[in-house]
Enquirer: 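What follows is a single structure, and I will ask about it in a moment.
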Amino acid sequence: MMSTHELSEQEVIRRQSLQEIINLGIDPYPAALYPVNATAKHIHDNYKQGDEASFKDITIAGRLMGRRIMGKAAFAEILDATGRVQIYINRDEVCPGEDKTLYNTLFKKLLDIGDFIGITGYVFTTQTGETTVHATSFTLLSKSLHPLPVVKEKDGEVFDAFSDPEMRYRQRYVDLIVNPHVRDTFIKRSVMIKTIRDFLNEHGALEVDTPVLQNIPGGAAARPFITHHNALDVPFYLRIANELYLKRLIVGGFDFVYEFSRNFRNEGMDRTHNPEFTVLEFYVAYKDYYWMMEFTEKMMERVAVALHGTTEVQTGDNIISYKAPFKRVSIHQAIKEHTGFDVAAMDEDGLRGVCKELHIETDASMGKGKLIDEIFGAKCEGQYIQPTFIIDYPVELSPLTKKHREHAGLVERFELMINGKEMANAYSELNDPLEQRERFEEQAKLMERGDDEAMFIDHDFLRALEYGMPPTSGIGFGIDRIAMLMTNSPSIQDVLLFPQMRPEKVAEVKKEEEKA
RNA sequence: GAUUCCGUAGCUCAGCUGGUAGAGCAAUACACUUUUAAUGUAUGGGCCCUGGGUUCGAGUCCCAGCGGGAUCACCA
């Protein structure tokens, strides 16, 4: 699989072809500016049969994806950044003189699927009705030495699809070349992020960058990656969240800040978790979590329309409606609806009884809040297919959240559930520095008891709060998960260009062993 | 981390109760000037993931390892 393995027959042949091309005096890797003036998409979208006049000096470039050679003429397919277009090459047109080498030798024998070529010519429609570029000349732009999987398609049916997940993720470049839907997914992801950024900027938000390397990994309950700075001789943590830095900026006087934050968590991997992932967090001064729900609805609706032209989006077997407003259900109501138990007034023992009846495993370290969270996670979370705000969480689970203005024991927090999964987590931010210090101290006790996900005390953050933070609402969106929803992708690996995998075993190692 | 399935040609896959490896596409050669999964004829191509074991004999059975998928647990 790696470059040092013994070359396959096809690789040997391509290297020989490369040498023959050089022997013909042709540079297989020209350092050239190639004057492309059209794309496959532009041609397909704009050419109408009979409109030869505006398509007579076309120059396109791309990867050769298929050839149908019929003696003195041939059809081929070119893939550029916008898609495929068919080209037609006639021997006597690209080789008007006696010397037919360019066609007979270079085009027919020495070129391979995967090579980059440039074509000049004009657009016409074939007898079978396909828009095609009739080549008057062609140029080799880059020779390919590695055979590409040949995926064919007819009437929407795909033959010999390049489908092995391991190869697709490890060699994403190949996946992108041969699987058009993969390219489409990542274009959609990009449009989604642009739409969100535009929406935030229109509302006066300021995009900021905060540290990835942190002395204290804060803002979430998770296991961090640890690294080391040599010059300072101190450990650093890769960030698990950027929340505490964004709030420092609210203290500093910005009133609406956001960051697309690459976060890192040293935890398990599966179809919804990658060790590094993207979270959009934003914080808005003088707002509360009710305002944030309305803002979130509008943002999600905007994203759906930008990607699909409608608020109704197919995800798996479900059609999900992003039409605002979304339902709001308190976590207590949700549990009552889906289990029949009213846990609102229960104490820890009562909750343990409920867990036992529902066959939910518990352990001694779990407090009231954690038990409620367990019940919700086991019996309710998966039920919320349509976008729903689950609101008013127990205080124990939310050390950075403001206490509820009306309900004792709860905090002003919501999670946005879509397709049975949490997509966003938001709250009215705790801005009372003394209470924040107490909450941190509770976390410190948990850490002493061996909870490796409990939060560190961040003294600088407390100092910032002591200077005063206005009432603020903040939110974090799981961008990868929203991308999964919006592109109908069942696995996070399908919305990450290079999902994390075990390092590939390299052939070099084997070679070294043989020497030794 | 647990369970389970998978790993055979460049790609997608067959390969039965164990008997020394097959197809389609791709490649190579020839033919063919509007084809489109182009076609026709011929040819070549395999550390059957790795290492042990059982056996006269292992792609196939057993054990261990490596890599991946799915499900579960933790989490976003």
Side-chain angles (χ1 to χ4, degrees), chain A residues 1 5-14 16-17 65-77 84 86-93 103 108-109 112-114 124-130 132 134 144-171 174 178 220-223 240-241 261 263-281 361 373-374 377-378 415-416 421-425 452-453 476-482 484 490-493 499 501-505 509-510:
Chain A
M1 224 186 241
H5 72 345
E6 248 177 81
L7 294 181
S8 70
E9 180 193 37
Q10 294 195 41
E11 289 170 298
V12 170
I13 289 166
R14 285 182 181 225
Q16 288 167 354
S17 298
M65 292 304 284
R67 279 184 303 172
R68 294 177 285 278
I69 294 172
M70 297 159 301
K72 299 180 186 65
F75 287 91
E77 277 173 48
R84 289 185 183 219
Q86 181 171 260
I87 62 167
Y88 173 76
I89 291 191
N90 183 308
R91 186 192 70 182
D92 297 327
E93 290 178 80
Y103 180 83
K108 279 170 68 173
K109 292 188 191 298
D112 290 291
I113 287 173
F124 77 113
T125 303
T126 64
Q127 287 174 1
T128 49
E130 178 145 347
T132 301
H134 190 132
S144 163
L145 297 180
H146 210 111
L148 219 44
V150 178
V151 180
K152 300 211 175 189
E153 196 198 318
K154 187 185 190 179
D155 303 329
E157 199 180 342
V158 176
F159 299 82
D160 300 331
F162 179 64
S163 56
D164 179 349
E166 179 172 3
M167 280 197 286
R168 288 185 47 223
Y169 301 144
R170 287 196 194 279
Q171 300 186 55
V174 175
V178 302
R223 260 159 279 189
I240 55 174
S261 172
N263 293 347
F264 304 85
R265 297 191 184 173
N266 208 341
E267 293 166 351
M269 303 163 58
D270 60 31
R271 72 182 196 293
T272 57
H273 297 85
N274 195 63
E276 56 182 291
F277 60 103
T278 303
V279 171
L280 164 67
E281 290 201 30
E361 280 182 42
D373 191 49
E374 290 289 319
E415 291 192 353
L416 173 59
K421 280 262 151 52
E422 179 192 343
M423 294 294 150
N425 180 17
D452 57 357
E453 290 186 351
F477 285 89
I479 288 296
D480 308 298
R481 291 203 176 161
I482 295 173
M484 287 164 66
S491 164
I492 197 170
Q493 293 166 307
M501 301 195 87
R502 271 209 168 70
E504 194 172 358
K505 259 201 174 167
V509 174
K510 202 174 165 190

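Computed from a predicted structure; not experimentally measured. Below, chain A is the first sequence line, B the second, and so on; all start at residue 1.
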Enquirer: Would the base of B:A73 count as contacting A:D270 through its side chain, where contact means a donor and an acceptor less than 3.5 Å apart?
Expert: yes

Enquirer: Between the side chain of A:D480 and the main-chain N/O of A:T278, is any donor-acceptor distance below 3.5 Å?
Expert: yes

Enquirer: Applying a 3.5 Å limit to both distances, which nucleotide forms a Watson-Crick or G-U wobble pair with B:U3?
Expert: B:A70

Enquirer: Take A:D112 and A:F162, find for each the nucleotide of RNA chain B with the closest heavy atom, and name the residue whose nucleotide sits nearer the 5' end.
Expert: A:F162

Enquirer: Between B:G69, B:A37, B:A76, spot the one nearest the side chain of A:K154, thanks.
Expert: B:A37

Enquirer: Identify the nucleotide, in any strand shown, that forms a Watson-Crick or G-U wobble pair with B:A14, with both distances under 3.5 Å; if there is none, say none.
Expert: none

Enquirer: Tell me which nucleotide among B:U34, B:G44, B:A27 gets nearest to the side chain of A:E9.
Expert: B:G44

Enquirer: Does B:A26 have its OP1 or OP2 closer than 4.0 Å to a side-chain nitrogen or oxygen of A:K152?
Expert: yes

Enquirer: How is A:I69 classified with respect to the nucleic acid when contacts are heavy atoms under 4.0 Å: base, sugar-phosphate, or nothing?
Expert: base

Enquirer: Please classify the nucleic acid contact of A:E130 as base, sugar-phosphate, or nothing, using heavy-atom distances under 4.0 Å.
Expert: base

Enquirer: Can you check whether any acceptor in the base of B:U28 is under 3.5 Å from a donor in the side chain of A:Q10, or vice versa?
Expert: no

Enquirer: Hey, is A:F277 doing a stacking thing with B:A76, by the 5.5 Å centroid and 30° angle criteria?
Expert: yes

Enquirer: Please determine, for B:A29, whether a Watson-Crick or G-U wobble partner exists with both distances under 3.5 Å, and give it or none.
Expert: B:U41

Enquirer: Who does B:A76 pair with, Watson-Crick or G-U, both distances under 3.5 Å?
Expert: none

Enquirer: Could you measure the distance from the NZ atom of A:K72 to the NZ atom of A:K108? Nearest 0.5 Å is fine.
Expert: 8.0 Å

Enquirer: Output yes when A:E422 and A:R481 qualify as a salt bridge under the 4.0 Å nitrogen-oxygen rule, no when they do not.
Expert: no

Enquirer: Using side-chain heavy atoms (C-beta onward) and a distance below 4.5 Å, is A:M423 in contact with A:F477?
Expert: no

Enquirer: Under 4.0 angstrom, heavy atoms only, what part of the nucleic acid is A:Q127 near: base, sugar-phosphate, or nothing?
Expert: base

Enquirer: Could you work out the separation of B:G46 and B:G10 based on their C1' atoms and round it to a whole Å?
Expert: 12 Å

Enquirer: Applying the Watson-Crick and G-U wobble criteria at under 3.5 Å, what pairs with B:C48? Answer none if nothing qualifies.
Expert: none

Enquirer: Are any of A:R271's side-chain N or O atoms less than 4.0 Å away from OP1 or OP2 of B:U71?
Expert: yes

Enquirer: Between A:R68 and B:A38, is there a contact of a side-chain N or O with OP1 or OP2 at under 4.0 Å?
Expert: yes

Enquirer: Which value, in whole Å, describes the distance between the P atoms of nucleotides B:C49 and B:C16?
Expert: 14 Å

Enquirer: Is there a donor and acceptor pair closer than 3.5 Å between the side chain of A:S163 and the base of B:U12?
Expert: no

Enquirer: By the 4.0 Å heavy-atom rule, please label A:A222 as base, sugar-phosphate, or nothing.
Expert: nothing

Enquirer: Does B:U28 have OP1 or OP2 sitting under 4.0 Å from an N or O in the side chain of A:Q16?
Expert: no

Enquirer: How far does the P atom of B:U34 sit from the matching atom of B:G69, given to the nearest Å?
Expert: 47 Å

Enquirer: Which nucleotide, B:U35, B:A27, B:G10, lies nearest any side-chain atom of A:I13?
Expert: B:A27

Enquirer: Could you check if a side-chain atom of A:F162 sits within less than 4.5 angstrom of a side-chain atom of A:V174, using non-hydrogen atoms only?
Expert: yes

Enquirer: In whole angstrom, give the distance that lies between atom CZ of A:R67 and atom P of B:U39.
Expert: 15 Å

Enquirer: Please state the C1' separation for the pair B:U28 and B:U20 - nearest whole angstrom.
Expert: 27 Å

Enquirer: Need the pair for B:G19. Rule: Watson-Crick or G-U wobble, both distances under 3.5 Å, any strand; none if unpaired.
Expert: B:C56

Enquirer: Given B:U34, B:C74, B:C32, which nucleotide is nearest the side-chain atoms of A:R223?
Expert: B:C74

Enquirer: For the C1' atoms, the ones on B:U71 and on B:U12, what distance do you get once it is rounded to whole angstrom?
Expert: 26 Å

Enquirer: Distance between the P atoms of B:G40 and B:G22, in whole angstroms?
Expert: 23 Å

Enquirer: For A:N266, report the nucleic acid contact type (base, sugar-phosphate, nothing); a contact means any heavy atom under 4.0 Å.
Expert: nothing

Enquirer: Starting at atom CZ of A:R170, determine the distance to atom C1' of B:G69, rounded to an integer number of angstrom.
Expert: 13 Å

Enquirer: For A:R502 and B:G67, is the shortest distance between a side-chain N/O and OP1 or OP2 below 4.0 Å?
Expert: yes

Enquirer: Can you find a heavy atom in the side chain of A:P147 that is under 4.5 Å from one in the side chain of A:R14?
Expert: yes

Enquirer: Whole angstroms only, please: what is the CE-C1' distance between A:M167 and B:G68?
Expert: 11 Å

Enquirer: Whole Å only: how far is the CD atom of A:Q171 from the C1' atom of B:G67?
Expert: 14 Å

Enquirer: Please report the distance, rounded to the nearest Å, between NZ in A:K108 and C1' in B:A29.
Expert: 12 Å

Enquirer: For B:A58 versus B:G1, give the span between their C1' atoms, rounded off to a whole number of Å.
Expert: 34 Å

Enquirer: Side chain of A:M501 only, please: which of B:U33, B:G68, B:G24 is the nearest?
Expert: B:G68

Enquirer: Considering only the P atoms, how many Å lie between B:C74 and B:C5, rounded to the nearest integer?
Expert: 24 Å

Enquirer: Can you classify the ring geometry of A:F75 versus A:Y88 as parallel (below 30°), tilted (30 to 60°) or perpendicular (above 60°)?
Expert: tilted

Enquirer: Please report the distance, rounded to the nearest Å, between NE2 in A:H146 and P in B:C11.
Expert: 7 Å

Enquirer: Determine the contact category for A:E157: base if any of its heavy atoms lies under 4.0 Å from a base atom, sugar-phosphate if only primed atoms, P, OP1 or OP2 are that close, otherwise nothing.
Expert: nothing

Enquirer: Using whole Å, report how far CG of A:N90 lies from P of B:U34.
Expert: 9 Å

Enquirer: Is the side chain of A:D155 donor-acceptor paired with the backbone N or O of A:E157 at a distance under 3.5 Å, no angle test?
Expert: no

Enquirer: Base of B:G67, side chain of A:E166 - is there a donor-acceptor contact under 3.5 Å?
Expert: no

Enquirer: With a 4.5 Å cut-off on side-chain heavy atoms, are A:V151 and A:M65 touching?
Expert: no

Enquirer: Grab the CG-P distance between A:D164 and B:C6 for me, whole Å please.
Expert: 15 Å

